[in-house]
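The structure appears right after this line, and notes come after that.
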Amino acid sequence: MLGKRKDLISKAWEARGKAYAPYSSFAVGAALRAGDGRVFTGCNVENVSFGLTNCAERVAIGSAIAAGAREFSLLAVVSDSDVPVVPCGACRQVLAEFAPSLEIISATKAGATREWNLAQLLPSPREGILE
């Protein structure tokens, strides 16, 4: 399993290299493993109107959904930060739509890693929303 995690982290680093982050200079990459083993990547895409920025995680899941994937097992997120980054609230909510118990691993260039289960980060994603 460790090898699969390293491979996913490597794909996230490749995606990070394609990030468009001229305003924050904070490039992020993500790689999302679908239930059938396919991997979908994403990078952050900034906009001068910062609220229109797309996070790497949402770019990856959008790519996966467009390809027909609906089940996911693991997300890798990478950045140059000193500590591993955690997906923002909007990304958590979008990810929870398809994988409320998604495993997430975050890594830095220095080699620091941290892992979470999405249910830890967003414990009640549907409570009070259309239910």
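Counting all heavy atoms, side chain and backbone alike, Lys11 lies closest to Thr41 at O-CG2, 3.9 Å. The minimum heavy-atom distance linking Ala15 with Gly42 is given by the pair CB-O, 3.3 Å. Shortest non-hydrogen contact noted between Ser73 and Ala34 is OG-O, 4.2 Å.
Hydrophobic clustering, with ILVMFWY side chains joined whenever heavy atoms are under 4.5 angstrom apart, keeps Val45 apart from Ile61. If you chain together hydrophobic residues whose side chains sit under 4.5 Å apart, Val94 and Leu118 fall into the same group. Residues Val28 and Val59 are members of separate hydrophobic clusters, defined by side-chain heavy-atom contacts under 4.5 angstrom among Ile, Leu, Val, Met, Phe, Trp and Tyr.
Counting heavy-atom neighbours within 6.0 Å of Asp36 CG, excluding the residue itself, gives a total above 12.
Of the possible polar contacts, none joining the Thr113 side chain to the Ala107 backbone as a donor-acceptor pair under 3.5 Å is found. No donor-acceptor pair closer than 3.5 Å links the side chain of Asn117 to the backbone N or O of Glu103.
Side-chain N/O atoms of Glu46 and Ser24 include a donor and acceptor closer than 3.5 Å.
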Next item on the list: Go through Arg33 and Arg38 one step at a time and tell me if the side-chain contact (heavy atoms from CB on, under 4.5 Å) criterion holds.
Entry: CA-CA 6 Å; Arg33 185 176 309 285; Arg38 289 182 291 168; over 6 Å; no
Next item on the list: May I have the step-by-step check of side-chain contact (heavy atoms from CB on, under 4.5 Å) for Phe72 and Leu95, ending in yes or no?
Entry: CA-CA 9 Å; Phe72 307 100; Leu95 291 164; over 6 Å; no
Margin query: As a quick check of understanding, evaluate side-chain contact (heavy atoms from CB on, under 4.5 Å) for Arg16 and Asp80, giving each step before the final call.
Written below: CA-CA 10 Å; Arg16 183 201 160 276; Asp80 285 343; 2.5 Å; yes
Next item on the list: Evaluate the criterion side-chain contact (heavy atoms from CB on, under 4.5 Å) for residue pair Thr108 and Val78; output intermediate values, then yes/no.
Entry: CA-CA 6 Å; Thr108 69; Val78 299; over 6 Å; no
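The line from CG of Leu102 to CH2 of Trp116 is 12.0 Å long, rounded to the nearest 0.5 Å. In this structure, CZ on Arg70 lies 4.5 Å from CD1 on Ile65, to the nearest 0.5 angstrom. Interatomic distance, CG of Leu8 versus CG of Leu74, reported as 5.0 Å (0.5 Å rounding). To the nearest 0.5 Å, atoms OG (Ser106) and CD (Glu115) are separated by 10.0 Å. Rounding to the nearest 0.5 Å places CG of Leu122 at 11.5 Å from SG of Cys91. Note that OG of Ser79 is 4.0 Å distant from CZ of Phe26, once rounded to the nearest 0.5 Å.
With salt bridges taken as basic N to acidic carboxylate O contacts below 4.0 Å, none links Glu57 and Arg92.
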